[in-house]
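Worth saying up front: this structure is predicted, and the values here are computed from it rather than measured.
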Amino acid sequence: MTNPDKQKPVEVTDVETAAEKTSEPTPASGTSTITQRWKREDLIKKASPITRGICLLFSLLAFLIMVSNKHGYGRNFNDYEEYRYVLAISIISTLYTAWQTFAHFSKREFFDRRTNILVDFSGDQIVAYLLISAASSAIPLTNRFREGQDNIFTDSAASAISMAILAFIALALSALFSGYKLSTHSFI
């Protein structure tokens, strides 16, 4: 038989090595892709309420620290609107994450499944933005006060701002998990 293209004939060993390189893991050699997907979905189901619970803790701490930041004339959080903004957003974040945590652990759905996923995603995004906005508005004022003197008022304000930033990080992670749930949900 002639070889018009002058190619080398394919050997059986060449085909076997190519198949080994492109083959997916089999259940006998490791975990299958289905098992990996189940583990990933289980991890996301567990991680979402954990991150919201952490955000609840940090938001509550930011609220409590800012409310207790009253140290006399000129050193009262009520005198500065940036600090009142941190307080207001900490209250909103605490209420939102408390409601989301309660809804998760009570196994009750207040909306249908599709609307619930959209509320989770959009709520996480909005409250996370508000948290970082509040923290970034209060940082310059605190830095300005620290240039003049460093006292318990500025330390309390800085710790409340830090708690708001940590709450933002936790809620941003929760927003990532909510986005994943939204992207994998079938809307049919």
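- From F145, atom CZ reaches atom OG1 of T154 across 9.0 Å, with rounding to the nearest 0.5 Å.
- Closest non-hydrogen pair, A158 versus R146, comes out as CB-NH2, 3.5 Å.
- Across L173, L171, D120, V119, a single residue satisfies side-chain contact (heavy atoms from CB on, under 4.5 Å) together with S178, and that is D120.
- At distances below 3.5 Å, at least one donor-acceptor pair connects side-chain atoms of S183 with backbone N or O atoms of Y180.
- Considering CG of L182 and CZ of R114, their distance stands at 9.5 Å, rounded to 0.5 Å.
- Taking the six-membered ring where the residue is Trp, Y83 and F153 present perpendicular rings, their angle passing 60° and hence far from 30°.
- Legend: side chain to side chain donor-acceptor pair (under 3.5 Å) pairs involving residues 125-136, not counting sequence neighbours, sorted by first then second residue: Y85-S133.
- Considering only heavy atoms from C-beta on, L131 stays 4.5 Å or farther from M163 through its side chain.
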Pair up each side-chain donor or acceptor in residues 55-68 with any protein partner under 3.5 Å, not counting sequence neighbours, and list the distances.
| from | atom 1 | to | atom 2 | distance (Å) |
| --- | --- | --- | --- | --- |
| S59 | OG | C55 | O | 2.9 |
| S59 | OG | S93 | OG | 2.6 |
| S68 | OG | L64 | O | 3.1 |
| S68 | OG | I65 | O | 3.0 |

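- With rounding to the nearest 0.5 Å, the separation of CG in L130 from CD1 in I92 is 6.0 Å.
- For P49 against F105, the heavy-atom pair with the smallest separation is CB-CZ, 4.2 Å.
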Q.
Working note: L141 + E81, criterion side chain to side chain contact (heavy atoms under 4.5 Å, CB included); need CA distance, chi angles, decisive distance, verdict.
A. CA-CA 10 Å; L141 180 66; E81 65 183 54; over 6 Å; no

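- How far OH of Y96 is from CD1 of I126: 8.5 Å, rounded to the nearest 0.5 Å.
- The closest donor-acceptor contact from the side chain of T101 to the backbone of A98 lies at 3.5 Å or more, if one exists at all.
- With sequence neighbours left out, S162 forms a side-chain hydrogen bond (donor to acceptor under 3.5 Å, both in side chains) with no residue at all.
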Q | Derivation of the side chain to side chain contact (heavy atoms under 4.5 Å, CB included) call for V86 and N69 | A | CA-CA 12 Å; V86 170; N69 198 5; over 6 Å; no

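- Taking CG of D79 as the reference point, atom CZ of R84 lies at 8.0 Å (rounded to 0.5 Å).
- Here the CD-OG1 distance, from E82 to T142, works out to 8.5 Å after rounding to the nearest 0.5 Å.
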